[in-house]
Amino acid sequence: MFSWRIVVFLGLISCVRPEEAWKGQWFPNVPEQLATEAGGVQKGAENDHAATGGSMRVAMGIENPDCDDGKHGLAIDFDPYNITHSTVYMCLEPKADYKGDYNMDAVITEHIVPSAYVANHKCMNSSIEYAERIPSYGTHRPLWPRYGEYRYVPTQRWLHNSEHGAVIALYHPCANKQQVDEMKQIVKGCLYRHIITPSQLPTRDRPFALVTWHATLEFSVLVRSTVESFIEKYALKGPEQTHRDGQYNHLLLDPAKVVSTEDDSILDEYSSKMSSFLASMFPLLRRTAAAQTLVVRNYATPKAGGALGGSKKKKLGKLGPVVEKKVIPVETDANRLVNYVCGSNILKQGEDVKLKPDSEYPAWLWSLHVGPPLALDQMDPDTKAYWRKLRRMALQRNNKLAKLKKF
């Protein structure tokens, strides 16, 4: 009996060894950590012992020079005082690659986070990495940013805002500016608790993303009803419900303004009124808007001690009417298709340009590139076009760097 107890005891010790390698994908929390109510205390990681007096969870929202005061040690996530870090919120790629596609479905990724889960707070003396490309829960910094629009906010900061119920609006720096401005307007008009920032996390296919605690919406082209429906369903669902503003405010461009109340108490009422207004005032826009299908990825809740995994996909119904496609007349006469440039006549009278034999056209005509613009790494370095493109990209980068504020 005594030897059996020794074996069990040794087994329990071996189970808690992987604590140092834990990155936020296990439940319930890190082994040996005490999950308490939001804002309470729990046993912390070794890197945070000095800032917390030994074993207590790092308190949120308290400036501590030994842990996080929102002013020192920022370079571990993003250094707002280092101009070379500005490339993370600048477009250095062809904007045509991020123009969006109306045929690309919007995708919701939803993690079912257990109610007993308590996220860790890490001091600025240790880095934070995430397994997910766009994390919707996990370890973050003790101080959170003030609500509003930023030139840039690192993930380790805005994830804390989502825990408080905020909506995080991300857009790739190369995304369509008109749609970026429209997304900002929608988010700012829906709720007070929001963070808007450019980010390299969205992809070329879907350069926009909305993040709340445990849910992410990624989309290629902005559809107002899709954004509002996501905010209405997933906003204000964080485990630490507080509208208190944060202390981190580096590169803040536009502080958030109260829409209804500071705690966004009538968010649902506002969203429903806005939807009714659009439906009554803009029926033509609603009929011609591009409909998007939401593909929801639900990550099931695991058993205690297991990893978050096992996904299932399902498609929701259309969030808008089907696009009315305009039928353009197409030439069907085979003889005209072979001998004429159909549609080239721009006069009221006359006929289309007649094709000549191939020998009468210059040889360079047949080697022209007529597809999408080539990326720099796809071009021949021995051509003038390559160096023109490289020079143009360098000029664009230098112009954007010159516009930055000097600290």
Open item on the list: My understanding is that only one of Lys177, Gln179, Gln185 makes a side chain to side chain donor-acceptor pair (under 3.5 Å) with Asp181; could you say which?
Closed with: Lys177

Task: Atom pair CD/CD of Glu93 and Gln200 - distance to nearest 0.5 Å - done: 7.0 Å

Open item on the list: For Tyr150 and His250, I'd like to know if the aromatic rings sit close, meaning centre-to-centre distance below 6.0 Å.
Closed with: no

Open item on the list: Do Pro373 and Pro94 make a side-chain contact, defined as non-hydrogen atoms from C-beta onward lying under 4.5 Å apart?
Closed with: no

TODO: Give the minimum heavy-atom separation between Val211 and Pro135, together with the two atoms involved.
DONE: CG1-O, 3.7 Å

Open item on the list: Can you give me the closest heavy-atom contact between Arg204 and Pro207, atom names plus distance?
Closed with: O-CD, 3.8 Å

Task: Validation row: Met393, Arg397 side chains within 4.5 angstrom (heavy atoms) - done: no

Open item on the list: Using side-chain heavy atoms (C-beta onward) and a distance below 4.5 Å, is Asp358 in contact with Trp366?
Closed with: yes

TODO: Compare all side-chain heavy atoms of Ile76 with those of Gln156 and state whether any distance is below 4.5 angstrom.
DONE: no

TODO: Please say whether more than 12 non-hydrogen atoms of neighbouring residues, nucleotides or ligands are located less than 6.0 Å from NZ in Lys99.
DONE: no

- [ ] Give a yes or no answer on whether the side chain of Trp144 reaches the backbone of Gln247 with a donor-acceptor pair at less than 3.5 Å.
- [x] no

Open item on the list: Under a 4.0 Å threshold between the charged nitrogen and the carboxylate oxygen, would Arg336 count as salt-bridged to Asp352?
Closed with: yes

- [ ] Specify the closest pair of heavy atoms between His194 and Ala256, including all atoms of both residues, with the distance to one decimal.
- [x] CE1-CB, 3.5 Å

Task: Test side chain to side chain contact (heavy atoms under 4.5 Å, CB included) applied to Trp364 and Leu368, step by step - done: CA-CA 7 Å; Trp364 56 263; Leu368 287 176; 3.7 Å; yes

Task: Tyr98 side chain reached by Asn176 side chain, heavy atoms, under 4.5 Å - done: no

- [ ] Of all the heavy-atom pairs spanning Asn339 and Lys354, show the shortest one and how long it is.
- [x] O-CG, 3.4 Å

- [ ] Indicate yes or no for a side-chain donor-acceptor contact from His72 to the backbone of Asp69 under 3.5 Å, with no hydrogens or angles considered.
- [x] no

Open item on the list: For Lys356, I'd like to know if atom NZ has over 12 heavy atoms of other residues, nucleotides or ligands within 6.0 Å.
Closed with: no

Task: Interatomic spacing from CG in Leu210 to OG in Ser162 - rounded to 0.5 Å - done: 12.5 Å

Open item on the list: Using a 3.5 Å distance criterion without hydrogens, assess whether the side chain of Ser229 forms a donor-acceptor pair with backbone atoms of Thr226.
Closed with: no

- [ ] Evaluate the side-chain proximity of Leu236 to Arg193: yes if any heavy-atom separation is below 4.5 Å, no if none is.
- [x] yes

Open item on the list: Quick check for you: to the nearest 0.5 Å, what is the distance between Leu201 atom CG and Leu170 atom CG?
Closed with: 6.5 Å

- [ ] For the pair Arg157 (side chain) and Arg141 (backbone), establish whether a donor and an acceptor sit closer than 3.5 Å, ignoring hydrogens and angles.
- [x] no

Task: Backbone of Thr212 reached by a side-chain donor or acceptor of Lys237 within 3.5 Å - done: no

Task: Side-chain donor or acceptor of His111 paired with backbone N/O of Thr109 under 3.5 Å - done: no

Open item on the list: So that I can tick it off, tell me whether Lys122 and Asp77 are bridged by a salt bridge, with the cut-off set at under 4.0 angstrom between side-chain N and carboxylate O.
Closed with: no

Task: Spatial distance of atom CD1 (Ile128) from atom NE2 (His121) [nearest 0.5 Å] - done: 9.5 Å

Task: Lys400 vs Cys91 side-chain heavy atoms within contact, under 4.5 Å - done: yes

TODO: Report the C-alpha separation of Asp205 and Thr203 in whole Å, then their side-chain angles, then the decisive distance to 0.1 Å, and conclude whether the side-chain hydrogen bond (donor to acceptor under 3.5 Å, both in side chains) test is met.
DONE: CA-CA 5 Å; Asp205 292 337; Thr203 62; 5.3 Å; no

Task: Closest approach of Arg151 to Pro198 (non-hydrogen atoms, all atoms of both residues) - done: O-CG, 2.9 Å

Open item on the list: The test is side chain to side chain contact (heavy atoms under 4.5 Å, CB included); show your working for Tyr130 and Leu159 and say whether it passes.
Closed with: CA-CA 11 Å; Tyr130 300 100; Leu159 192 60; 3.7 Å; yes

Task: side chain to side chain contact (heavy atoms under 4.5 Å, CB included) between Val153 and Ile168, intermediate numbers included - done: CA-CA 10 Å; Val153 180; Ile168 316 301; over 6 Å; no

Task: Atom pair CH2 (Trp387) and CG (Asp382), whose distance is rounded to the nearest 0.5 Å - done: 9.0 Å

Open item on the list: Using 0.5 Å steps for rounding, measure from the CD atom of Glu262 to the OG atom of Ser260.
Closed with: 10.5 Å

Open item on the list: side chain to side chain contact (heavy atoms under 4.5 Å, CB included), that's the test. Do Val58 and Cys67 meet it? Break it down for me.
Closed with: CA-CA 8 Å; Val58 179; Cys67 180; 3.6 Å; yes

Open item on the list: Counting only heavy atoms from other residues, nucleotides and ligands, does the tally under 6.0 Å from CD of Gln378 exceed 12?
Closed with: yes

Open item on the list: side-chain hydrogen bond (donor to acceptor under 3.5 Å, both in side chains), that's the test. Do Gln241 and His164 meet it? Break it down for me.
Closed with: CA-CA 5 Å; Gln241 286 298 320; His164 293 176; over 6 Å; no

Task: Heavy-atom pair of closest approach, residues Met183 and Phe219 - done: SD-CZ, 4.0 Å

Open item on the list: Looking at Tyr147, is its backbone amide N or carbonyl O close enough to the side chain of Asp245 to form a donor-acceptor pair, meaning the two atoms are under 3.5 Å apart?
Closed with: yes

Open item on the list: Given Tyr152, which partner from the list Tyr171, Trp158, Phe78, Tyr248 fulfils the ring pair (Phe, Tyr, Trp, His ring centres under 6.0 Å) test?
Closed with: Phe78

- [ ] Keeping the roles fixed (side chain from Asn120, backbone from Thr139), state whether a donor-acceptor pair exists under 3.5 Å.
- [x] no

- [ ] Mark yes or no for whether Arg206, through its side chain, and Asp105, through its backbone, hold a donor-acceptor pair below 3.5 Å.
- [x] yes

Task: Note, Cys342 side chain near Leu337 side chain (heavy atom, < 4.5 Å) - done: yes

Open item on the list: Looking at Glu360 and Pro357, would you say the former's side chain and the latter's main chain have a donor-acceptor pair under 3.5 Å?
Closed with: no

